[in-house]
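Heads up: the structure comes next, in structure tokens.
Every heavy atom of this structure was used, including side-chain atoms; hydrogens, water molecules and symmetry mates were not. Computed from a predicted model, the values in this text were never measured in an experiment. Lettering of chains follows the sequences in order, A, B, ..., and the numbering in each one begins at 1.
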Amino acid sequence: MLNRTQIGEILHRIAEMFPDAHCELIHANPFELTIAVALSAQCTDQKVNQVTRSLFQKYRTPEDYVSVPLEELEQDIRSIGLFRSKAKNIQALSRMLLEQYDGQVPREHEQLVQLPGVGRKTANVVVSNAFGEPAIAVDTHVERVSKRLGLANWKDSVLEVEKKLMKKVPREEWTQTHHRLIFFGRYHCKAQNPACPACPVLEFCREGKKRMKKLETV
DNA sequence: CTCCCGATAT
DNA sequence: ATATCAGGAG
């Protein structure tokens with residue numbers, strides 16, 4: 001549907017819209033980033049930052065997370081949701097870091113996804129934001145935006161969406177593009193009430209045009 | 001595929 | 001009341 005030129009124009013306009021898109025999870029090192037991303041599943045970045053502000057003061061190393069009872073860590077992250085599985089994962093992840101990696105977060109994607117609670121998306125966020133390795137992490141925003149715009153198909157899995165985006169974008173722009181698509185999805189092309197009437201890429205968006213027609217009939 | 005789950009927006 | 005939020009594991 002979309003040709004090379006159109007895709008380039010779409011990404012260019014989104015880049016102009018959010019020139020300073022970046023990781024909004026507050027962190028001071030790769031370990032904190034890994035914890036923050038693991039906590040961010042089905043939860044807003046704002047809420048994660050609210051919890052990690054105190055969490056990262058109490059827990060600074062993998063040893064710190066392992067040294068408390070599971071129930072205590074659960075209470076410390078309870079307000080984030082999915083807190084039982086996340087607390088268990090964080091302790092197991094910390095143990096694995098201590099046993100296999102001398103307490104350091106590994107730099108390789110292949111090793112990161114072996115950590116409990118770390119899947120493909122989280123690993124991509126860590127390698128790109130903490131270690132400078134180009135990656136496109138497909139989260140709920142990237143998936144929704146890509147499918148609405150027609151950069152991917154509605155039936156595509158998140159892995160298929162990631163592959164299609166990597167093919168359409170130069171490798172050295174993967175991480176920036178990833179952040180811009182997140183900002184675009186979070187602040188403009190939102191899940192509920194997307195701002196189609198004020199959208200700079202409406203002319204390329206099948207879903208947007210469809211939504212505009214529905215607005216006219218009302 | 002379902003389950004995990006509290007907080008917030010709509 | 002319901003949908004959604006930087007998903008991952010079983």
DNA chain C: Gln114(A) or Glu24(A), which has the more 5' nearest nucleotide?
-> Glu24(A)

Figure out the NZ/C1' separation between Lys86(A) and dC5(B), and round it to whole Å.
-> 8 Å

NA contact type, Val118(A), heavy-atom cut-off 4.0 Å: base, sugar-phosphate, or nothing?
-> sugar-phosphate

Touch class at under 4.0 angstrom, heavy-atom based, for Leu115(A) against every strand present | sugar-phosphate

Do the two ring centres, one from Phe31(A) and one from Tyr65(A), sit under 6.0 Å apart?
-> yes

Interatomic distance, Leu112(A) CG vs dG8(C) C1' [rounded to whole Å] = 15 Å

Separation of dG8(C) C1' from Gln91(A) CD (nearest whole Å) | 18 Å

Phosphate contact (dG7(C) OP1 or OP2) by Thr122(A) side-chain N/O below 4.0 Å = no

Would you please test Thr61(A) and Glu63(A) for side chain to side chain donor-acceptor pair (under 3.5 Å) and show each step?
-> CA-CA 5 Å; Thr61(A) 67; Glu63(A) 288 92 336; 3.2 Å; yes

Can you check nucleotides 6-10 of chain B for protein contacts, nitrogen or oxygen pairs under 3.5 Å, and list what you find?
from, atom 1, to, atom 2, distance (Å)
dT10(B), O3', Asn193(A), ND2, 2.8

Between dA6(C) atom C1' and Arg180(A) atom CZ, what is the distance in whole Å?
-> 18 Å

Whole-Å distance, His141(A) NE2 to dG7(C) P, equals 7 Å

Considering only atom P, compute the distance from dA6(C) to dC3(B) and round it to an integer number of Å.
-> 24 Å

Give a yes/no on whether any side-chain N or O of Arg186(A) is located under 4.0 angstrom from OP1 or OP2 of dC5(C).
-> no

To the nearest angstrom, the CD-C1' distance between Glu162(A) and dA6(C) comes to 14 Å

Any idea which heavy atoms bring Leu165(A) and Ser146(A) closest together, and the distance?
-> CD1-OG, 3.6 Å

Got a salt bridge between Glu173(A) and Arg180(A), using NZ or NE/NH1/NH2 to carboxylate O under 4.0 Å?
-> no

Tell me whether the centres of the aromatic rings in Phe183(A) and His22(A) are closer together than 6.0 Å.
-> yes

Pairwise C1' distance, dC5(B) and dA3(C) [rounded to whole Å] = 14 Å

Between dC5(C) atom C1' and Asp45(A) atom CG, what is the distance in whole Å?
-> 9 Å

Could you give the NE2-to-C1' distance, from His27(A) to dA6(C), as a whole number of Å?
-> 13 Å

Residues, nucleotides or ligands: over 12 heavy atoms within 6.0 Å of Lys163(A) NZ = no

Could you give me the CA-CA distance, side-chain angles and deciding distance for Arg95(A) and Glu99(A), then say whether salt bridge (Lys or Arg N to Asp or Glu O under 4.0 Å) is met?
-> CA-CA 6 Å; Arg95(A) 267 183 224 106; Glu99(A) 292 169 4; 6.0 Å; no

